[in-house]
Structure formats: C-alpha cells, structure tokens
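To start, the structure itself, in structure tokens.
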Amino acid sequence: MKKNKLIIIGNGIAGNLAALYISQKLPELEITIVGKTDKPRTLVGESTVELSTHFFEALGLGKLLEDKHYHKYGLTYYFKTKKDANDPNYVVHEAPGVIRLPAYNLNRFTFDNDLRELNSKRNIKVIKGTVQDVSLKTSTQKHHILSVEMEDSEKTNLMLEADWFIDSSGTRRFLAKKLALRKDPGYQRSTFWFRLKKFDRNIFNKISALKSKHHCYDSYYVTHHFYGKGYWIWMIPMRSPDGETMISIGYTYRTEQGAEIVRTVDDFISTVEKDHPIITEIVKSGEINTLSEDVLDIAAYTNYMYESKQYYSKDGWFLIGDSAFLFDPINSLGLSYVSHMICQVAAIISKDKEGNLTNSYIDCHEKHIQSILSLQDSWGKWYEIMHDPVKLSWTLLMNNMSYFNVLLPAFINGAFLDGRHIDVFTEQFKRLPVEQQGPAYPFPKLLDILSEQSKNIDLSCLPNLYSKNIPFGLYKADEKLRKKLFLRYLFRLITLRTAIIKRINWKLNKHHLLVLGESLWDNCVDFVRIILVSLFSHGLVKYHKSDDPDATPFGNNGKFLKFNDTTK
C-alpha cells in the first residue's frame, strides 16, 4: 500500500497553513490535524512581509486579507536626530511608494479563526485533542504511532498511524522535547508586548519627520520601528474583529547591551519615555485590550529564543514554526520562514512518496535552515548598534536590499527547494560560531569613520535609498528577472559602498588611506563579479536537472505554488 497518511500536531497558524498547502499540492494525502481548541491567549500583531503574503495569496487567502486586515506599506524606521528625549525630530525611512507585492498587518485572532474555517471545508480531518506520545516507525514498524488524549473527557483516547507527521505544536515543542533536540541560539533576546485600543492616533502627528514627502499612502499603515540602546520597539496598526482600530506594541531587547528589563506596561512607559515620549503618550491615551473579563492582552518572555539540533528526518517527521525555533520579530519574517518550511516539507514528502528521497536532499534543507539562522545571528548582533543611527540605518538598507533582490525572488520562483541553489545560498550565508562572527553592520571600516564624524544626524548621513534598492517590477515568478535582480544586488553593493565613501570627510592619514584603498578595491572586485555573472550566470540562479536526487520535485518558475487540486 502506498504511503498517504499525514498527521499534523497543532491546530495553530503553522499547522493549518501546512494543511492548506499540502492538501492542495498533494491532494491524494489523507491529512489529519490533532490539536486543542484555542483558548484566549496573547498573540503577536502580526506584521507580514511580501514573501509570506505571496504564499497566502497562492493558497486562496487573498480575499480574507483584503476584507479583514490592513494593508501594510512596508517597514518604517525612525532614527532620532538628537539624544534629547523631548526633541520630536526623527529621520524617517519608509517605502517611497506602493510596490506591486502587497503585505498586511494581521489581527491573528481573526486570521487564525478564518484559516481554520477554510480548512474545515476541505478534506482535512480535525481531532480535538493532544498528542501525548509517539512511537517512531522502525524497520519492523511501518508507521509512526501517535497516542492522542481527547479534549472531550467522555471520549476514548486514540492511537493514530501516520506515514509522516509534522510537529507544529508551537512552544510546547512536543517532539523536540521527546527527542532532546533543544539547542541554545547564538544570541538570546527578551520581549514584552501588548495590544492597545481606543488610543489617539493623532499623537503620531507630533513627530517631526525628516523624510521624502509623498501622497502614495497614509504613513500610519506601516509597521513602525523605533530604537534605543540594546532594544527596538514595534508598533503594528491592525483592525479588531468588530472593525475597531487597534495597535500591537512590542519591546524586544538584550539587557547585556544596555537595555532595561520590561515586564509590565508601567515598566514599558518608564523605560521608553526616556527616549521616545511620543510612544508612551500614545499608550497613555488608550486602553489595554482584554482577551476575557480578567485576562489582559499582554505577554512577557525572558530569554525566549531556542533552536533545535535537527528539523527534518528521512524517517518522516518534521518540526516547523515555533516547534522548530523562535524568530526574532525584528524583520517580520516569522511567517515567511514558516512558509519556506511548509513547502520544504511538502517537497520532501513528495519525493518520499515517489520513492526517490535521499539523505542528501534532507541535508540540503537542514543547511538552508542553518543559513536562515545565520541571518538571525546577524540580527542578534544589531542590538549592539541600535543606539547608533548611522550604523543601523545603513545596516537596514543592506538587509532590505538582500531580501528584495535575493531571498524574495528565490522564494517566488521556487529555487529554495532545489539543492543547487541551496548549496550556493548556504555558502554565501554560512553560519559561523558566535566567536567567529564579524561586525553587526556592513562596510564596517567605512561606517566606523562615518559614525564618528556624524555629530549631527540628518538626511545626508542617513539617506533613504529604498527607491533604488526595491525592485518595483517584482511581482511574479520570472527566472530572467531573478538573474537580473542578483546582478542588481551586486551593483547596489558598489553604489552603497560608494555612497558612504562620498559622505566621509577623508583625511590624509594612514588609516583613512588604507580604508579608502580597500573600499575601492572591493568595488573593483564586485564589478568583476557582475561581468562574470552576466557572461556565465551563477550557481545561485541555476537548478539541478530534474533527474538529480537533489532537484526540486516541483520545477522552477513558481510551479510549487501552482495546484491542480479542485478539492473544496
């Protein structure tokens, strides 16, 4: 008998997204979700990015997003021009227009409930209970056997068989605990967040924003980011289930980098008003949302980050979402990597079902996860420079350039499922031990000089170059465009480096001359790379032949998001 039984542990957003995608991509599978009914609990905002929204749209969730959630017009960054807390002047970097790929600020309660409702209309079985134990399949046991304790105490507990199972149990981390897979992350973080209602959004207008003026969208509808020593703050506008205006506000920090511990709203106010009194004024103008009569919509986690030693197994078990690792929310990429992992698991199951799954293909995806975590390591180091607007602003420019020109096109086209792309990607973003990692910011020698010279923070030393970094023509799978965007990435390395060089007041001393010489040489090297990639292409934008064991089973040009399924 062919393998066809998939069990998903967890009835949250990761498990339901996995069920929705896999039921459309592999409709012959018998899919069962095992999870308890959600009880009131605090959920993050949540701010999505273009990558995850592209995935949601392909799954048929576009109407829900349009009808019930705010459009998000990018990530906006606020940099103080003076250390004076009462000074309202900020250099503001925001998207210069509306790109063709949308993003949304989600109300997770609304979105998660609608997602479950959508799955209830598909051929997906839901069992209300908790997986208490699992006996993994062996050479003598053909299936995984899961023991389920039913939510209804009057019902008999179940024993379920599965060819594959996905652990999306969230922070419960069922399988990671059972197999002792926990691994400490490179850098710890702590966080505190709450949701606010009935606040005065006009207080935002007290900010004196130094930025390029536009009439493309209301600047309130973005994900707002503010910074301080060792911490950053998010502010995510959202719509409540009854249409009321709400906002998610969070504080994420590293105390060893100078941030203060925050565990209550009073802690938040006393800490943040030292740097950003406008934020605390907004908080004081509103009310904390409640989940029930006696439960406030507030959460605090100390040193909450974790990872796992392994995520995927050739034996047919997988960890995704929060059961695998926790993301720093700094770039709103939590759901985007859930999107990656769901598609990776589907590709592995597809190969296994056809009998051509190899250990090397599993290893490819394990390496890909480590490369993503190497990016997270770099975000962890950003806390070292969050009090320095010069270094942080150029770091964010570089980060967004990499996302829009490399990571996002690779997802849209489906290259991240192919071993050839993964091999080159993981070489480019190799994860190193903490002690071997370099500075938290790009072009470190140049930015060290510029930061020392920038006593006055203004638009000239913190230029908003997103109009040049963001490819406004990117909206669908296009292999030729993906190569052009990689070339654009290499070219933008030159232009960003040159832009910093032009802003430095160079002096005739040995240090400055060495830094200038090295930087000009780096520009020459990148220019040669552009010529070579133009002439001979690059492994990052190539695929294995379809018969290679590490080739994607779904093809290129975005075919992983094309479905023949008509199940409703």
Side-chain angles (χ1 to χ4, degrees), residues 44-45 47 74-94 105 189-197 199-211 219-238 245-255 257-288 298-300 328-332 382-393 395-396 454 456-459 461-462 464:
V44 179
S47 168
L75 304 177
T76 293
Y77 311 107
Y78 295 78
F79 306 102
K80 294 219 68 163
T81 62
K82 298 178 182 178
K83 292 183 179 180
D84 179 4
N86 294 313
D87 187 278
N89 291 292
Y90 290 81
V91 173
V92 178
H93 287 181
E94 65 182 1
N105 287 331
R189 275 76 116 195
S190 299
T191 190
F192 170 81
W193 78 82
F194 57 94
R195 294 197 299 174
L196 193 71
K197 62 183 181 181
F199 60 94
D200 183 2
R201 59 175 280 190
N202 292 318
I203 296 172
F204 272 106
N205 297 329
K206 293 184 178 182
I207 293 175
S208 177
L210 306 178
K211 65 175 184 177
S219 295
Y220 170 73
Y221 295 101
V222 298
T223 295
H224 307 265
H225 294 76
F226 296 80
Y227 303 94
K229 189 169 179 59
Y231 76 84
W232 66 281
I233 296 165
W234 78 70
M235 302 182 76
I236 306 173
M238 66 182 62
T245 295
M246 298 177 67
I247 194 165
S248 170
I249 302 177
Y251 170 92
T252 305
Y253 59 101
R254 291 182 60 190
T255 53
Q257 294 301 326
E260 296 184 38
I261 296 172
V262 170
R263 294 196 177 101
T264 67
V265 174
D266 288 342
D267 289 346
F268 178 87
I269 290 173
S270 65
T271 297
V272 174
E273 68 184 357
K274 297 173 185 176
D275 297 324
H276 308 288
I278 287 175
I279 295 178
T280 57
E281 187 177 349
I282 291 172
V283 174
K284 292 175 183 177
S285 74
E287 299 176 8
I288 303 298
I298 293 173
D328 189 319
I330 195 165
N331 280 326
S332 303
W382 288 2
Y383 292 79
E384 301 170 9
I385 59 168
M386 283 180 175
H387 60 288
D388 187 324
V390 173
K391 292 178 180 177
L392 183 62
S393 64
T395 300
L396 293 168
S454 300
N456 297 315
I457 305 300
D458 55 31
L459 291 170
C461 68
L462 272 64
N464 184 1

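With hydrogens and angles ignored, the 3.5 Å screen pairs a side-chain donor or acceptor of Lys80 with a backbone N or O of Asp87. Judged by distance alone, with hydrogens and angles left aside, the side-chain atoms of Thr191 form a donor-acceptor pair with the main-chain N or O of Tyr251 at under 3.5 Å. Between the side chain of His224 and the backbone N or O of Tyr78 there is no donor-acceptor pair closer than 3.5 Å. Of the possible polar contacts, none joining the Asp266 side chain to the Ile269 backbone as a donor-acceptor pair under 3.5 Å is found. Without hydrogens or angle criteria, Ser393 side chain to Val390 main chain gives a donor-acceptor distance under 3.5 Å. A donor-acceptor pair is defined here as one N or O able to donate and one able to accept, closer than 3.5 Å; such a pair exists between the side chain of Thr264 and the backbone of Asp267.
Rounding to the nearest 0.5 angstrom, the gap separating the CD1 atom in Ile385 from the NE2 atom in His387 is 8.5 Å. The CG atom of Asp458 lies 11.0 Å from the CG atom of Asn89; values are rounded to the nearest 0.5 Å. Atom OH of residue Tyr90 and atom NZ of residue Lys211 lie 14.0 Å apart, to the nearest 0.5 angstrom. Between Ile233 atom CD1 and Ile279 atom CD1 the span is 4.0 Å, to the nearest 0.5 Å. Within the model, atoms OG of Ser285 and CG of Leu196 stand 6.5 Å from one another, a figure rounded to the nearest 0.5 Å. One finds the CD atom of Glu384 at 4.5 Å from the CD atom of Gln257 (value rounded to the nearest 0.5 Å).
Residues Trp382 and Asp328 form no side-chain contact, since every pair of their non-hydrogen atoms from C-beta on lies 4.5 Å or further apart. Side-chain contact between Phe192 and Ile261: absent, with no pair of heavy atoms (C-beta onward) separated by less than 4.5 Å. The side-chain heavy atoms of Phe204 and Ile282, taken from C-beta on, include a pair separated by under 4.5 Å. Counting heavy atoms from C-beta on, the side chains of Leu396 and Tyr227 come closer than 4.5 Å. Looking at Val91 and Leu459, their side chains come closer than 4.5 Å, going by heavy atoms from C-beta outward. Contact annotation: the side chain of Ile278 never approaches that of Phe226 to less than 4.5 Å [non-hydrogen atoms, C-beta and beyond]. Between His93 and Leu462 there is a side-chain heavy-atom pair separated by less than 4.5 Å. Residues Ser47 and Asn105 are in side-chain contact: their nearest non-hydrogen atoms beyond the backbone lie under 4.5 Å apart.
Within a 6.0 Å sphere centred on CZ of Arg201, heavy atoms belonging to other residues, nucleotides or ligands number more than 12. Within 6.0 Å of the CG atom in Asp84, the count of heavy atoms belonging to other residues, nucleotides or ligands exceeds 12.
If you check the side chains of Trp234 and Thr223, you find no donor sitting under 3.5 Å from an acceptor. Counting only N and O atoms by type, the side chains of Asp275 and Tyr231 include a donor and acceptor under 3.5 Å apart.
Between Phe199 and Tyr220, the ring planes lie tilted relative to each other; the angle falls in the 30° to 60° range.
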(message) What verdict does the side chain to side chain contact (heavy atoms under 4.5 Å, CB included) test give for Ser219 and Thr76, after you've listed the backbone C-alpha separation in whole Å, the side-chain angles of each residue and the deciding distance to 0.1 Å?
(response) CA-CA 9 Å; Ser219 295; Thr76 293; over 6 Å; no
(message) Between Thr252 and Tyr383, is the side chain to side chain contact (heavy atoms under 4.5 Å, CB included) condition met? List the steps.
(response) CA-CA 10 Å; Thr252 305; Tyr383 292 79; 3.2 Å; yes
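For the pair Val265 and Ile298, the tightest heavy-atom approach, listed with the atom from each and the gap, is CG2-CD1, 3.7 Å. Across every non-hydrogen atom of Lys274 and Ser270, the tightest pair is CE-O, 3.4 Å. Closest approach of Ala300 to Arg263, counting heavy atoms only: CB-O, 4.1 Å. When all heavy atoms of Pro237 and Ile247 are compared, the closest pair comes out as N-CG1, 3.8 Å. The two residues Gly74 and Val222 have their closest heavy-atom pair at O-CB, 3.5 Å.
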